[in-house]
Amino acid sequence: PSGVHRRARAARALLEDARDRFAAVVGASPHEIVFTGCGTESLNLALRAVPLSTFACSAIEHDAVRETAVALARQGTAVRELAVDAHAVLDVAAFEDAQRRAPAGMVAVMAVNNEVGTVQPIGRVAEICADTGALLAVDAVQALSWLDVRPLVAAADFVAFSAHKFGGPKGVGALVVRGGRSIEPLLHGGGQEQERRSGTQNVAGIV
């Protein structure tokens, strides 16, 4: 799809049509959609999008977030784990207190837990993040089949999806980057996806 010949342009048209349709479903603008290889890549891209001195995530995040937090800690980022209650719901009061005392630069809270299905209060988390100047990354991989994700996308800075969780093929993911902000890519190369994720796109899978 990055080529200039006729068939490449046809592939590009299919890719951009898929981007437009997915953006409409999740309530984003097409330029905010970055196609990736999976939800894990989307989350890694989000959590490494900007340099972080402090990072916080809930205790029940997917390993794609938890293991990235471990990697960030090895690189010198201060990592804080956010408690949940007996129903696996984020302790919002404790989070707000900790965030106001020592704000994390980015907070990651999943929309729907992949093991027990708990739906997190993302709207309130987003308000606290906005008040304290934190970026919010949301793992919405499990959410799209069950919830209207448009409020999540409107509230967060980064929202990650994976196609196989809502009927698409494995090996395709997407990250909503609100405002189309400049982010630090994980993959360097030909500058695809507006220089946010290099590598030839999986056109068939994305479509």
Next item on the list: Report yes if the side chains of Thr54 and Arg80 come closer than 4.5 Å at any heavy-atom pair, otherwise no.
Entry: no
Next item on the list: Over all heavy atoms of both residues, which pair between Gly39 and Val141 is shortest? Give the atoms and the distance, please.
Entry: CA-CG2, 4.2 Å
Checklist line | Sub-4.5 Å side-chain heavy-atom contact between Thr200 and Pro1 | finding: yes
Notebook entry, point to check: For Gly205 and Val172, which heavy atoms make the closest approach, and how far apart are they?
Noted result: C-CG2, 3.6 Å
Notebook entry, point to check: So with a 6.0 Å cut-off around CZ of Arg100, is the heavy-atom count from everything else above 12?
Noted result: yes
Checklist line | Side-chain donor-acceptor contact under 3.5 Å, Gln192 with Gln201 | finding: no
Next item on the list: Indicate, with yes or no, if Val50 and Phe55 share a hydrophobic cluster defined by side-chain heavy-atom contacts under 4.5 Å among Ile, Leu, Val, Met, Phe, Trp and Tyr.
Entry: yes
Next item on the list: Indicate the atoms forming the closest heavy-atom contact of Ala108 with Val65, along with that distance.
Entry: CB-CG1, 4.0 Å
Margin query: Assess the residue pair Lys165 and Leu144 against the criterion (side chain to side chain contact (heavy atoms under 4.5 Å, CB included)); give the C-alpha distance rounded to whole Å, side-chain angles, the decisive distance to 0.1 Å, and a yes or no.
Written below: CA-CA 8 Å; Lys165 293 297 185 180; Leu144 190 53; over 6 Å; no
Check: Between CD of Gln99 and CG of Asp131, what distance do you get to the nearest 0.5 Å?
Finding: 10.0 Å
Check: Just how far is it from atom CD of Glu127 to atom CZ of Arg124, taken to the nearest 0.5 Å?
Finding: 5.0 Å
Check: Which atoms form the tightest heavy-atom contact between Val153 and Val159, and what is the distance?
Finding: CA-CG2, 3.9 Å
Notebook entry, point to check: Are Leu52 and Leu47 close enough, and set up right, to give a side chain to side chain contact (heavy atoms under 4.5 Å, CB included), and what steps lead you there?
Noted result: CA-CA 9 Å; Leu52 293 173; Leu47 302 190; 5.6 Å; no
Item checked: Residue pair Gly173 / Ser42: nearest heavy atoms and the distance that separates them -> C-OG, 4.0 Å
Just distance, no hydrogens or angles: give the donor-acceptor pairs under 3.5 Å from side chains in residues 109-122, sequence neighbours left out.
| from | atom 1 | to | atom 2 | distance (Å) |
| --- | --- | --- | --- | --- |
| Asn113 | OD1 | Glu115 | N | 2.8 |
| Asn113 | OD1 | Val116 | N | 2.9 |
| Asn113 | ND2 | Ile60 | O | 3.0 |
| Thr118 | OG1 | His87 | O | 3.2 |
| Gln120 | OE1 | Leu90 | N | 2.8 |
| Gln120 | NE2 | Ala88 | O | 2.7 |

Notebook entry, point to check: What are the two closest non-hydrogen atoms of Ser198 and Gly191, and how far apart are they?
Noted result: OG-N, 2.8 Å
Next item on the list: Consider only side-chain heavy atoms of I, L, V, M, F, W and Y, link residues closer than 4.5 Å, and tell whether Leu152 and Met106 are in one cluster.
Entry: no
Margin query: If you define the side chain from C-beta out and look only at heavy atoms, does anything of Glu61 sit under 4.5 Å from Leu43?
Written below: no
Note to self: Can you tell me how far apart CD (Glu67) and OG1 (Thr40) are? Round to the nearest 0.5 Å.
What the structure shows: 11.0 Å
Checklist line | Heavy-atom side-chain proximity of Leu136 to Asp157 below 4.5 angstrom | finding: yes
Next item on the list: Sorted by first residue and then second, give each ring-ring contact (aromatic ring centres under 6.0 Å, His included) pair with at least one member in residues 149-188; sequence neighbours left out.
Entry: Phe22-Phe161
Check: Roughly how far, to the nearest 0.5 Å, is CZ of Arg178 from OG of Ser29?
Finding: 7.0 Å
Note to self: Around atom CD of Glu195, are there more than 12 heavy atoms from other residues, nucleotides or ligands closer than 6.0 Å?
What the structure shows: no
Check: Can you tell if the side chain of Val107 reaches within under 4.5 Å of the side chain of Leu82, non-hydrogen atoms only?
Finding: yes
Check: Are Glu81 and Val79 close enough, and set up right, to give a side chain to side chain contact (heavy atoms under 4.5 Å, CB included), and what steps lead you there?
Finding: CA-CA 7 Å; Glu81 186 174 88; Val79 174; over 6 Å; no
Notebook entry, point to check: Just by modelled atom types, is the Pro185 backbone N or O under 3.5 Å from a matching donor or acceptor in the Arg196 side chain?
Noted result: no
Item checked: Heavy-atom side-chain proximity of Leu45 to Val177 below 4.5 angstrom -> no
Check: Any side-chain heavy atom of Arg197 sitting closer than 4.5 Å to one from Phe35?
Finding: no
Margin query: To the closest 0.5 Å, what do you measure between CD1 (Ile33) and CZ (Arg19)?
Written below: 8.0 Å
Next item on the list: State yes or no: do Val176 and Leu15 share one hydrophobic cluster built from I, L, V, M, F, W and Y residues joined by side-chain heavy-atom distances below 4.5 Å, directly or via other members?
Entry: yes
Note to self: Within the 4.5 Å heavy-atom criterion, are Arg48 and Leu186 side-chain neighbours or not?
What the structure shows: yes
Notebook entry, point to check: Rounded to the nearest 0.5 Å, how far does CG of Leu72 lie from CZ of Arg74?
Noted result: 9.5 Å
